[in-house]
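Here's the structure, in structure tokens; my notes come after.
Positions are given from 1 along the sequence. Please read all numbers here as calculations on a predicted model, not as lab measurements.
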Amino acid sequence: MRDNERVTSAIREPETPAAATPPRLIATDLDGTLLRDDKSVSPRTVAALAAAEEAGIEVFFVTGRPARWMDVVSDHVHGHGLAICGNGAAVVDLHGGPGAHRFVTVRELPRNNALDAVGVLRDAAPGTVYAVEQTYGFYQEPTYPKLHMEVPDALAPAEDLLAADSPATAEPVLKILAYHPEMEPDAFLTLARLAIGGGATVTRSSPSALLEISGPGVSKASTLALCCAERGISHEEVVAFGDMPNDVEMLTWAGRSYAMGNAHPDVLAAASGHTVANNDDGVAVVIEQLLNGRI
């Protein structure tokens with residue numbers, strides 16, 4: 001979902017104090033965090049994830065990616081086999097493998113909220129173009145750029161794609177994507193948050209001016225909190241990793257959190273700890289230290 005380009009700051013969150021509680025769950029972002037820039041999982045990271053699971057620590061992948069893009073890590077889901085996708089919009093069982101995943105939980109973006117968000121952003125940022133991410137389908141406006149390695153299921157204005165009589169109404173909307181060809185990414189994020197208000201959750205994980213708009217209150221943090229509550233795991237027992245603004249809430253919620261060496265400034269400010277960059281296996285470095293009792 002992102003490249004390691006220089007990014008600028010839109011918001012600043014308070015740092016979370018480090019916790020000494022033994023971890024029971026590791027929550028990690030994928031792109032720019034667990035994955036290297038070539039989208040691979042290094043052998044060192046594979047070994048670290050397996051060691052954590054063997055030690056009784058659950059590992060959750062928590063990503064902005066849709067479920068259909070999870071094949072890159074589907075071989076590394078141990079035990080529960082669950083992942084949080086779409087910035088918290090879905091909990092997905094990956095045991096079936098690519099194309100055979102099962103949605104366990106869906107936290108949809110109501111179509112009326114999506115239509116409101118599209119309308120206010122069209123007024124606040126003329127030139128914005130949209131795509132619509134559903135549980136299985138992907139739809140976009142004709143002028144939406146080719147940002148994703150897939151062919152859309154249909155091309156139409158966002159208002160038509162989100163209409164009550166749209167052919168795609170049988171599927172829940174997970175998020176809408178809003179792209180602006182000229183605005184600076186964090187300026188676009190700030191503008192959209194102010195314009196949309198509480199009608200939806202707005203964040204970003206791309207180095208371009210591409211926003212991800214989910215249902216009210218839906219975030220990586222809120223869905224992770226629900227998954228942890230089901231397991232009797234407190235936030236103090238969670239260790240989280242991330243690199244972009246869509247990780248900030250999760251990092252501030254977790255008892256211990258680590259910003260990657262390549263992270264956005266807001267992530268560096270939000271996390272209670274820092275590790276080396278994704279290309280240097282920063283997640284594995286911390287897991288190894290955790291398992292060896294060095295942190």
Please assess L82 against C227 for the test side-chain contact (heavy atoms from CB on, under 4.5 Å), listing each intermediate value before the final yes or no. CA-CA 10 Å; L82 300 178; C227 292; 5.9 Å; no

For the pair L177 and I213, evaluate side-chain contact (heavy atoms from CB on, under 4.5 Å) and give the outcome as yes or no after the intermediate values. CA-CA 6 Å; L177 303 168; I213 303 173; over 6 Å; no

side-chain contact (heavy atoms from CB on, under 4.5 Å) between W253 and S219, intermediate numbers included: CA-CA 11 Å; W253 178 82; S219 69; over 6 Å; no

Using the rule given for side-chain contact (heavy atoms from CB on, under 4.5 Å), can you reason through L35 versus V41, listing the C-alpha separation, both sets of side-chain angles and the distance that settles it, and then say yes or no? CA-CA 5 Å; L35 303 181; V41 184; 3.5 Å; yes

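Across all their heavy atoms, C85 and M70 have their closest contact at SG-CG, 3.8 Å. Minimum heavy-atom separation, A114 to L109: CB-CD2, 3.6 Å. The shortest non-hydrogen separation linking V248 to A270 is CG1-CB, 4.0 Å. Contact detail for P142 and P157: the closest heavy-atom pair is CD-N, 4.4 Å. The two residues T169 and R111 have their closest heavy-atom pair at CA-NH2, 3.3 Å. Across N113 and G199, no two heavy atoms sit closer than the pair ND2-O, 2.8 Å.
Proximity of a side-chain donor or acceptor of D153 to a complementary backbone N or O of Y139 within less than 3.5 Å is not detected. No donor-acceptor distance shorter than 3.5 angstrom exists from the side chain of R36 to the backbone of S40, with no hydrogens or angles considered. When atom types are taken as modelled, the side chain of R204 and the backbone of S206 share a donor-acceptor pair closer than 3.5 angstrom. Proximity of a side-chain donor or acceptor of E184 to a complementary backbone N or O of A187 within less than 3.5 Å is detected. The main-chain N or O of N279 is never found under 3.5 Å from a side-chain atom of D37 such that the two would form a donor-acceptor pair. Although no hydrogens or angles enter the test, the distance criterion places a donor-acceptor pair under 3.5 Å between the side chain of E141 and the main chain of A158. At least one donor-acceptor pair closer than 3.5 Å links the side chain of T128 to the backbone N or O of A125. Under a 3.5 Å cut-off, the side chain of K220 and the backbone N or O of V62 do form a donor-acceptor pair. At distances below 3.5 Å, at least one donor-acceptor pair connects side-chain atoms of E171 with backbone N or O atoms of G137. The backbone N or O of S272 sits less than 3.5 Å from a side-chain atom of S257, completing a donor-acceptor pair.
Within the 4.5 Å cutoff, no side-chain heavy atoms of Q134 are placed close to those of P172. In this structure, the side chains of V129 and P145 come closer than 4.5 Å at one or more pairs of heavy atoms. Annotation: side chain of L25 is not in contact with side chain of V239 (no heavy-atom distance under 4.5 Å). Side-chain atoms of I26 and F60, non-hydrogen and from C-beta on, never get closer than 4.5 Å to each other. With a 4.5 Å cut-off on side-chain heavy atoms, L189 and P185 do not count as touching. Within the 4.5 Å cutoff, the side chain of D93 has no heavy atoms near those of the H101 side chain. With contacts defined as side-chain heavy-atom distances shorter than 4.5 Å, the pair L191/L121 qualifies. At a threshold of 4.5 Å between non-hydrogen side-chain atoms, the residues Q289 and I295 count as touching.
The stretch residues 124-136 participates, sequence neighbours left out, in these salt bridge (charged side-chain N to carboxylate O under 4.0 Å, His left out) pairs: R68-E133. Applying the ring-ring contact (aromatic ring centres under 6.0 Å, His included) definition to pairs two or more places apart or across chains, those involving residues 158-181 are H180-F188. The stretch residues 154-167 participates, sequence neighbours left out, in these side-chain hydrogen bond (donor to acceptor under 3.5 Å, both in side chains) pairs: R122-E159.
With 3.5 Å as the limit, one finds no donor-acceptor pair spanning the side chains of E249 and S222. The closest side-chain donor-acceptor pair between S42 and D281 falls under 3.5 angstrom. For the 3.5 Å distance criterion, the side chains of E236 and S234 qualify, holding a donor opposite an acceptor. Checked by atom type, the side-chain pair T33/D243 shows a donor-acceptor distance below 3.5 Å.
Under the 4.5 Å side-chain heavy-atom criterion for Ile, Leu, Val, Met, Phe, Trp and Tyr, L94 and L174 are members of the same hydrophobic cluster. Note on L226 and F103: separate hydrophobic clusters, where clusters join Ile, Leu, Val, Met, Phe, Trp and Tyr whose side-chain heavy atoms are under 4.5 Å apart, directly or indirectly. Tracing side-chain contacts under 4.5 Å through hydrophobic residues (I, L, V, M, F, W, Y), one never reaches V59 starting from V285; they form parts of separate clusters. Two different hydrophobic clusters hold V276 and L30 under the rule that ILVMFWY side chains link at heavy-atom gaps under 4.5 Å. When the side chains of ILVMFWY residues are joined at heavy-atom separations under 4.5 Å, either directly or via intervening members, I176 and V202 end up in a single hydrophobic cluster.
Shown here are the salt bridge (charged side-chain N to carboxylate O under 4.0 Å, His left out) partners of E288, two or more places apart in sequence or in another chain: R44. Scanning for salt bridge (charged side-chain N to carboxylate O under 4.0 Å, His left out) contacts around R24 gives E237, with sequence neighbours left out. Partners of T105 under the side chain to side chain donor-acceptor pair (under 3.5 Å) rule, at least two apart in sequence or in another chain, do not exist in this structure.
M260 contributes atom CE, which lies 13.5 Å from atom CE of M244 (distance to the nearest 0.5 angstrom). Rounding to the nearest 0.5 angstrom, the gap separating the OG1 atom in T203 from the CG atom in L211 is 8.5 Å. To the nearest 0.5 Å, the span separating CG on D29 from CG on N246 amounts to 6.0 Å. One distance of note links CD of E54 with CG of L49; it measures 13.0 Å at 0.5 Å rounding. Taken from CD1 in I196 to CG in D116, the straight-line distance is 9.5 Å, to the nearest 0.5 Å. Separation of atoms CZ (F61) and CG (L34) is listed at 5.5 Å; rounding is to 0.5 Å.
Using bins of under 30°, 30° to 60° and over 60° for the plane-to-plane angle, the ring pair F241/Y258 lands in the parallel bin.
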